[in-house]
Number of protein chains: 2
Amino acid sequence: MDGQTERPARDGEDGATRRRLPPAERRQQIVDEAVRFFAEVGLEGKTRELARRLGVTQSLIFNYFATKDELIDAVYEKVYIGRLSPAWPERLTDRSVPLRDRLLAFYSEYSALIFEREWMRIFMFSGLAGASLNRRYLEHLGDVILLPLLAETEALAQTDAPPKMEDVWNLHGGIVYIGIRQHIYRMPKPAKPQEEIARAIDKYLLYFGIDSEN
Amino acid sequence: MDGQTERPARDGEDGATRRRLPPAERRQQIVDEAVRFFAEVGLEGKTRELARRLGVTQSLIFNYFATKDELIDAVYEKVYIGRLSPAWPERLTDRSVPLRDRLLAFYSEYSALIFEREWMRIFMFSGLAGASLNRRYLEHLGDVILLPLLAETEALAQTDAPPKMEDVWNLHGGIVYIGIRQHIYRMPKPAKPQEEIARAIDKYLLYFGIDSEN
DNA sequence: AATGTTATTGAGCAGATGATCTTTAAAAGC
DNA sequence: GCTTTTAAAGATCATCTGCTCAATAACATT
């Protein structure tokens with residue numbers, strides 16, 4: 001009768017739900033909930049409240065993480081990891097594809113990854129806290145995405161005034177700001193974010209006289 | 001000898017510097033330091049640390065503010081107030097001036113007001129905390145600045161596709177992002193922010209085929 | 001079914017934290 | 001110079017918070 005569906009499943013009640021998970025699984029469960037929790041309330045969220053949400057004692061958390069900082073590092077790692085795919089630099093510089101299409105593809109995929117409440121908020125919290133991972137991420141983004149993007153723009157620009165790194169940051173910032181409005185300020189989500197991204201890209205390309213066929 | 005320059009001025013030492021200010025003055029001194037303090041460490045900064053920075057006992061703070069939340073409200077008020085001058089809506093819609101000039105004037109003045117570490121960070125902290133003042137500010141900004149800006153753009157746009165509110169937000173976001181990079185992420189300040197703002201505005205106007213004379 | 005392993009609990013500690021209240025002393029009035 | 005007023009300090013409280021550790025009980029092995 002209860003071969004697979006173990007445990008009385010007495011939900012809502014505390015303490016009775018389930019116990020004794022394999023350590024790796026429990027650890028992951030804690031990190032997953034911590035991501036949600038800290039994203040919501042900030043990195044100063046209390047471990048007791050996190051334990052309550054997990055339906056677990058507070059001391060259990062310290063069985064898996066020596067300190068709260070260590071837990072926060074695990075949260076950072078989980079959230080930051082894989083956010084910048086290593087395939088993009090190459091795809092962004094593939095000149096057999098029109099730049100507009102490359103930009104559309106990149107920001108379509110990238111926005112799907114970052115327009116996510118948990119990422120947006122933890123990124124902002126960690127940025128405000130001056131976390132080194134945050135700085136490294138932005139440096140990496142600049143080096144590996146935006147700088148190549150500048151080079152691609154330069155190669156195609158029809159204007160006498162050359163594109164500058166600030167122009168790329170402006171394009172990037174205008175797009176990221178969509179997510180900031182939605183997840184940090186909790187303003188309503190635009191009806192068609194992809195369309196707004198496309199318009200931002202077209203504004204950028206038009207400014208440098210780059211045709212959509214190039 | 002010490003007619004005006006009262007007090008031994010034994011600086012650096014604690015407790016001896018000065019005492020018994022007029023209440024209004026002391027209150028303001030506390031709020032001023034609290035703005036700096038909370039902007040730096042976040043709204044969860046401890047009252048004891050704030051008191052230490054003020055060279056004053058912690059209990060004194062509670063002589064002027066019943067609760068910490070009340071102090072934070074005072075900080076919000078001080079920081080949010082006067083950030084959106086009531087003169088702008090009128091100036092932004094003055095069609096005797098070219099739209100480009102109006103935009104340049106607005107964002108020149110506005111950026112001078114908001115590209116300020118204290119404002120930027122407290123705005124972000126309060127936004128993350130879901131403070132109602134933050135939401136109201138953004139609503140107000142939308143109604144009183146961006147919406148009129150949309151109307152002005154519509155009136156001059158030469159394109160068949162009409163300008164959308166999202167375009168104005170994109171312009172705004174791209175500019176604000178300069179300040180976010182600088183003060184939230186602590187990245188280096190652009191060499192000439194005003195120039196970058198001008199370029200952002202020109203990208204915007206060009207996209208709608210609006211000439212700089214109009 | 002009995003046993004051993006160890007994930008989880010429960011009780012608790014030391015220091016921090018917002019807030020209170022009594023005491024002290026700086027400045028104003030006389 | 002003495003008194004009065006009240007800003008500020010000092011001591012302290014109740015609760016919270018990260019963290020520890022010994023006791024318990026869930027699951028695997030036999």
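Here the structure is a predicted model, which means the values were calculated and not measured. Below, read A as the first sequence line, B as the second, and so on, with proteins coming before strands; counting in each chain starts at 1.
Evaluation of the side chain to side chain contact (heavy atoms under 4.5 Å, CB included) rule for B:L133 yields B:Y76, B:Y80, B:R136 as partners, not counting sequence neighbours. For A:E40, the side chain to side chain contact (heavy atoms under 4.5 Å, CB included) partners two or more places apart in sequence, or in a different chain, are A:R53. In this view, A:S59 satisfies the side chain to side chain donor-acceptor pair (under 3.5 Å) rule with no residue, not counting sequence neighbours. Taking the side chain to side chain donor-acceptor pair (under 3.5 Å) definition, one finds that B:R83 meets it with nothing, sequence neighbours left out. Applying the side chain to side chain donor-acceptor pair (under 3.5 Å) criterion to B:E118, with sequence neighbours excluded, gives no partner residue. With sequence neighbours excluded, the residues forming a salt bridge (Lys or Arg N to Asp or Glu O under 4.0 Å) with B:D32 are B:K78, listed by chain and number. For the side chain to side chain contact (heavy atoms under 4.5 Å, CB included) test, residues two or more places apart in sequence or in another chain that qualify with B:P190 are A:E166, B:I178, B:R181, B:E196.
The CD-P distance, from B:Q58 to D:dA9, rounds to 12 Å in whole Å. As rounded to whole Å, 11 Å separates atom C1' of D:dA7 from atom CD1 of B:I30. A:K46 has its NZ atom 12 Å from the P atom of D:dC19, to the nearest Å. Protein atom CG of A:L50 is 13 Å distant from nucleotide atom C1' of D:dG18, rounded to whole Å. Look at CG on B:L54: it is 15 Å from C1' on D:dA9, rounded to the nearest Å. Remark: P of D:dA28 and CG of A:L21 are 12 Å apart, rounded to the nearest angstrom.
Around the CD atom of A:Q28, the shell of radius 6.0 Å holds no more than 12 heavy atoms that belong to other residues, nucleotides or ligands.
Between B:Y137 and B:W119, the distance separating the two ring centers is shorter than 6.0 angstrom.
Of the residues in residues 59-74 of chain B, those with a non-hydrogen atom less than 4.0 angstrom from any atom of DNA chain D are B:S59, B:L60, B:N63, B:Y64.
Among pairs with a residue in residues 25-69 of chain B, none fulfils ring-ring contact (aromatic ring centres under 6.0 Å, His included), at least two apart in sequence or across chains. Among residue pairs with one or both ends in residues 181-204 of chain A, those qualifying as ring-ring contact (aromatic ring centres under 6.0 Å, His included) are A:Y185-B:F123, A:Y204-A:F208; sequence neighbours excluded.
Put simply, A:T47 has a side-chain N or O that comes within less than 4.0 Å of OP1 or OP2 on D:dG18. A close approach under 4.0 Å does occur between a side-chain nitrogen or oxygen of B:R26 and OP1 or OP2 of D:dA8.
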Within the sub-3.5 Å range, which N or O atoms of nucleotides 13-15 of chain D have a protein N or O partner, and how far apart are they?
none

What N/O pairs connect the protein and nucleotides 1-6 of chain C at under 3.5 Å? Give each pair on its own line.
from, atom 1, to, atom 2, distance (Å)
C:dT5, O2, A:R20, NH2, 3.3
C:dT6, O4', A:R20, NH2, 3.4
C:dT6, O2, A:R20, NH1, 2.9
C:dT6, O2, A:R20, NH2, 2.9

